[in-house]
There are 4 protein chains.
Amino acid sequence: MSSKRLPTAERQAQIAKAALRIISTQGVRRLTSAALAEQVGIADGTIFRHFKNMNEIVDAAIAVFEDSIAEAFPPDEGLPLERLGAFVVMRLALVRERPEILRLAFNDRLAEAAGHEGAARVGRMVERSLTFVRRCLADAQERREITPDAPLTLLVWMVIGVIRGAADTDAHRAPREDDLSSATPEQVWASLEGFLRGTSNEEEQP
Amino acid sequence: MSSKRLPTAERQAQIAKAALRIISTQGVRRLTSAALAEQVGIADGTIFRHFKNMNEIVDAAIAVFEDSIAEAFPPDEGLPLERLGAFVVMRLALVRERPEILRLAFNDRLAEAAGHEGAARVGRMVERSLTFVRRCLADAQERREITPDAPLTLLVWMVIGVIRGAADTDAHRAPREDDLSSATPEQVWASLEGFLRGTSNEEEQP
Amino acid sequence: MSSKRLPTAERQAQIAKAALRIISTQGVRRLTSAALAEQVGIADGTIFRHFKNMNEIVDAAIAVFEDSIAEAFPPDEGLPLERLGAFVVMRLALVRERPEILRLAFNDRLAEAAGHEGAARVGRMVERSLTFVRRCLADAQERREITPDAPLTLLVWMVIGVIRGAADTDAHRAPREDDLSSATPEQVWASLEGFLRGTSNEEEQP
Amino acid sequence: MSSKRLPTAERQAQIAKAALRIISTQGVRRLTSAALAEQVGIADGTIFRHFKNMNEIVDAAIAVFEDSIAEAFPPDEGLPLERLGAFVVMRLALVRERPEILRLAFNDRLAEAAGHEGAARVGRMVERSLTFVRRCLADAQERREITPDAPLTLLVWMVIGVIRGAADTDAHRAPREDDLSSATPEQVWASLEGFLRGTSNEEEQP
DNA sequence: CATGAATGAGCTTTCATTCAT
DNA sequence: AATGAATGAAAGCTCATTCAT
């Protein structure tokens, strides 16, 4: 599976990624040193030459997760709906490229595998996304780009719901006629934005 | 913890509920026969007088889950947005009363604990909800009660997103100013319905 | 090796004694759960139904040791040399009956197997014996039953040395002509007492 | 910790001494190749460039021990009590200078760490000391320098007891008023000799 | 029905030892 | 000589499951 005698740094990366993969595809229960070792192509005991114990492996896996999520944050500038659009598009792209990452955010598998501190780290990443979305929407409401009547939280849930829905759909289900899995992230955002702006009813206001 | 010598049927119910509780509050990894026995107040070996093995316990737990979800389905009649409203309200009420149930649906803890067959059952319950929502929305689009432009799937995700958001919020977070956790399910639905109908935007533009 | 299904209390006693036996005859390194299980006649894992972990086993073993030593303490009354004589005789008898016990006191195997707290307990037992001997000898010096010139500590070492010598001799060596292993504890004490009193030179003072 | 690339002979000496140190201060269980490597300041695998396996390391450690003990043997000539005095003084000096050496002799940690052959070697060193003491005392008895009534073995135990006592005292205990740890080896021997000669009693009866 | 001792498989971790670099 | 990655055999411990009482 992998060539022999790699430097620790590389093995650590391999192992952390393998851990993330196992957690997301097979569940926390299957995250065993034996399973990891097999995936990476080394003997069980060797795992612990690269990590002190399983906790540190999960921590490393969480770090990989954090990095992946952190890369999918747009800059904090520009018009609110543009920022939000960039965010949604980036997330939907992430869903396509690395479906396991977002599923882990919405699961609590990762948090379950980790101890308290690790769970908190995962929670913080999730919270950061929610906060980002909420701020964009709040700004947009203030600028009257979207209806100020709808409770902010409801809007947040709807936007996040779209990302979750995409993450889950890519995961288990067969596509349907109008399924958005064939749409580009930009197209999905366009629909969503239309909806938020309330313009979708009016057909782009000719 | 519980009186002695209960008939198997009662013990089975106790155990199944305990299993569901453990899975939802402590995670699959903590679902052990010893933990179950302790929660139920019997000796560990006794668990297996009531269930053949752990798989059957998880199956029974899934059955409890299914029943809880099945009770929260409105009748399949009436106007589409009324049906959908009834559904959303019931789910939000379920979130309030038994928060663990919906969190289990959106997690895959339950599915993870179960084998293939059990995971499929959980999947089917989730799917049934999605289908219900989709059908309501499709009907509503056809009747032009909501915009026919937005892709159906997007609408489904948004509606489901609201339920998920409610489930998660009740779970971990401290309330915010406009948090919907203080709103009644009916109020939440009113906001959501306004949004779907696209009326929320126009109402304020006299 | 032992009949099946014993109550925990009995198994615990068996295991604790087996642990003491293994430590004293084979050394700390051989005190493994497998070795214990084999000696007691049960499976490895079963050990941990009776003790939470190896530390608790060592603690129980130390308790057995403490009890054995504590039984070999004479009452704290009477003339000093009589008290000391009773003590020496009891210890020499203990050497004959349960040679491993005193060897453990003079080793630090037990202390090594235990954690800090356990080591302290062993140390306290040893200290208690030293203190007992010292007090008897101090009293005897005061009453001029033995020479007041010799440093007390020297006398303590000599008395303890006799007990240690007996413990070690019974352990590894083949008997010699004048070996004291054939003498009764009372005879050994008689010689030692004569020596301490300084009368041995004068041939029982006719 | 130590400079790089030493010739094997030096490394072997370092390792053997480190092994002795670990055994005496931390116990056999802590004598691991990793602990040795760390003490010596090399990588763990490197240990086995200098020794074939752990057994050989323990053997080398025993050799260090043997050398240290062998240096503390007086010449086999002169009056018996002088020879014995020289022996006792040398041993007490050894206790002061390298306390771990004699503790190892009275422990069986070293013997435990070693295999059969090594244990026998340690036993032989101990036996050699006992025999030396016994011969001195036997000669002294024959020459009537000490009482011929006391069983020889008892005398041996008492003399050895003093050395052991000194070794143990230096090890764990806080000093007492009359503790001999402040006395010079010569002073201790003077007291012991007086006692053996039986003169300590009469000196004060003018 | 209930208990709890026993089992055996499996998991995490340690450790002596080997060997490519 | 030295390094440190890799190995495989325990060791300590957990857990589902069985079964005598």
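- For B:Ser68, the side chain to side chain donor-acceptor pair (under 3.5 Å) test picks out B:Arg98, with sequence neighbours left out.
- Looking at residues two or more places apart in sequence or on another chain, you find no side chain to side chain donor-acceptor pair (under 3.5 Å) involving D:Thr32.
- We find that CZ of D:Arg11 is positioned 12 Å from C1' of F:dT3, with the value rounded to whole Å.
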Show the atom names and distances, to 0.1 Å, of all donor-acceptor pairs under 3.5 Å that link a side chain in residues 41-49 of chain C to residues at least two apart or in another chain.
{"unit_1": "C:Thr46", "atom_1": "OG1", "unit_2": "C:Ala43", "atom_2": "O", "d": "3.4"}
{"unit_1": "C:Arg49", "atom_1": "NH1", "unit_2": "B:Asp44", "atom_2": "OD2", "d": "3.2"}

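- Distance from the side chain of C:Leu6 is smallest to E:dA6 among E:dA6, F:dA6, F:dT18.
- At whole-Å resolution of the value, CD1 in D:Ile15 and C1' in E:dA16 are 14 Å apart.
- Between F:dT17, F:dG12, E:dT3, one nucleotide has an atom nearer to the side chain of B:Ala43 than all others, and that is E:dT3.
- Remark: B:Asn53 pairs with B:Asn55, B:Glu56 by the side chain to side chain contact (heavy atoms under 4.5 Å, CB included) rule, at least two apart or across chains.
- Shortest non-hydrogen contact noted between C:Ala19 and C:Ile57 is CB-CG2, 3.8 Å.
- Residue A:Arg49 has its side chain nearest to E:dT17 when only E:dT17, E:dA6, F:dA16 are considered.
- Residues of residues 52-64 of chain B that place a heavy atom closer than 4.0 Å to DNA chain F, in numerical order, are B:Asn53, B:Met54.
- Among the nucleotides E:dT13, E:dA5, E:dT18, the one closest to the side chain of A:Ser33 is E:dT13.
- For the pair B:Phe48 and A:Gly45, both in contact range of DNA chain F, the more 5′-proximal nearest nucleotide belongs to A:Gly45.
- The strand DNA chain E forms stems, runs of 3 or more Watson-Crick or G-U wobble pairs with distances below 3.5 Å, at E:2-21 with F:2-21.
- Out of E:dA20, F:dT7, E:dC1, the shortest distance to the side chain of A:Arg5 is found at E:dA20.
- Side chains of C:Leu31 and C:Met54 form a contact here, defined as non-hydrogen atoms less than 4.5 Å apart.
- Counting heavy atoms from C-beta outward, B:Leu102 and B:Ile69 have side chains that approach closer than 4.5 Å.
- Heavy-atom nearest nucleotides on DNA chain F were determined for D:Ile47 and for B:Asp44, and the one closer to the 5' end corresponds to D:Ile47.
- For B:Arg30, there are no salt bridge (Lys or Arg N to Asp or Glu O under 4.0 Å) partners at least two apart in sequence or on another chain.
- Comparing the C1' positions of F:dT21 and E:dC1 gives an interatomic distance of 13 Å, to the nearest angstrom.
- A search for side chain to side chain donor-acceptor pair (under 3.5 Å) contacts involving A:Thr8 returns A:His50, not counting sequence neighbours.
- If you measure from atom CD of B:Glu38 to atom P of E:dA2, you get 17 Å, rounded to the nearest angstrom.
- Note: CD1 (A:Ile42) to P (E:dT12) measures 14 Å, nearest angstrom.
- OP1 or OP2 of E:dC1 has at least one side-chain nitrogen or oxygen of B:Thr8 nearer than 4.0 Å.
- Taking atom NE2 on A:His50 and atom P on F:dG4, their separation rounds to 12 Å, with Å as the unit.
- Between D:Ala34 and A:Ala34, the one whose closest nucleotide on DNA chain E sits nearer the 5' end is A:Ala34.
- We find that CZ of B:Phe51 is positioned 13 Å from P of E:dC1, with the value rounded to whole Å.
- Listed pair D:Thr46 / F:dA1 fails the phosphate criterion, with no side-chain N or O lying under 4.0 Å from OP1 or OP2.
- The salt bridge (Lys or Arg N to Asp or Glu O under 4.0 Å) test applied to B:Glu66 returns B:Arg121, not counting sequence neighbours.
- Residues meeting the side chain to side chain contact (heavy atoms under 4.5 Å, CB included) test with C:Ala18, sequence neighbours left out: C:Arg21, C:Leu36, C:Gln39, C:Val40.
- Interface residues of residues 19-32 of chain B facing DNA chain F, ordered by number: B:Leu31, B:Thr32; criterion, heavy-atom separation under 4.0 Å.
- With sequence neighbours excluded, the residues satisfying side chain to side chain contact (heavy atoms under 4.5 Å, CB included) with C:Ala111 are C:Asp108, C:Ala119.
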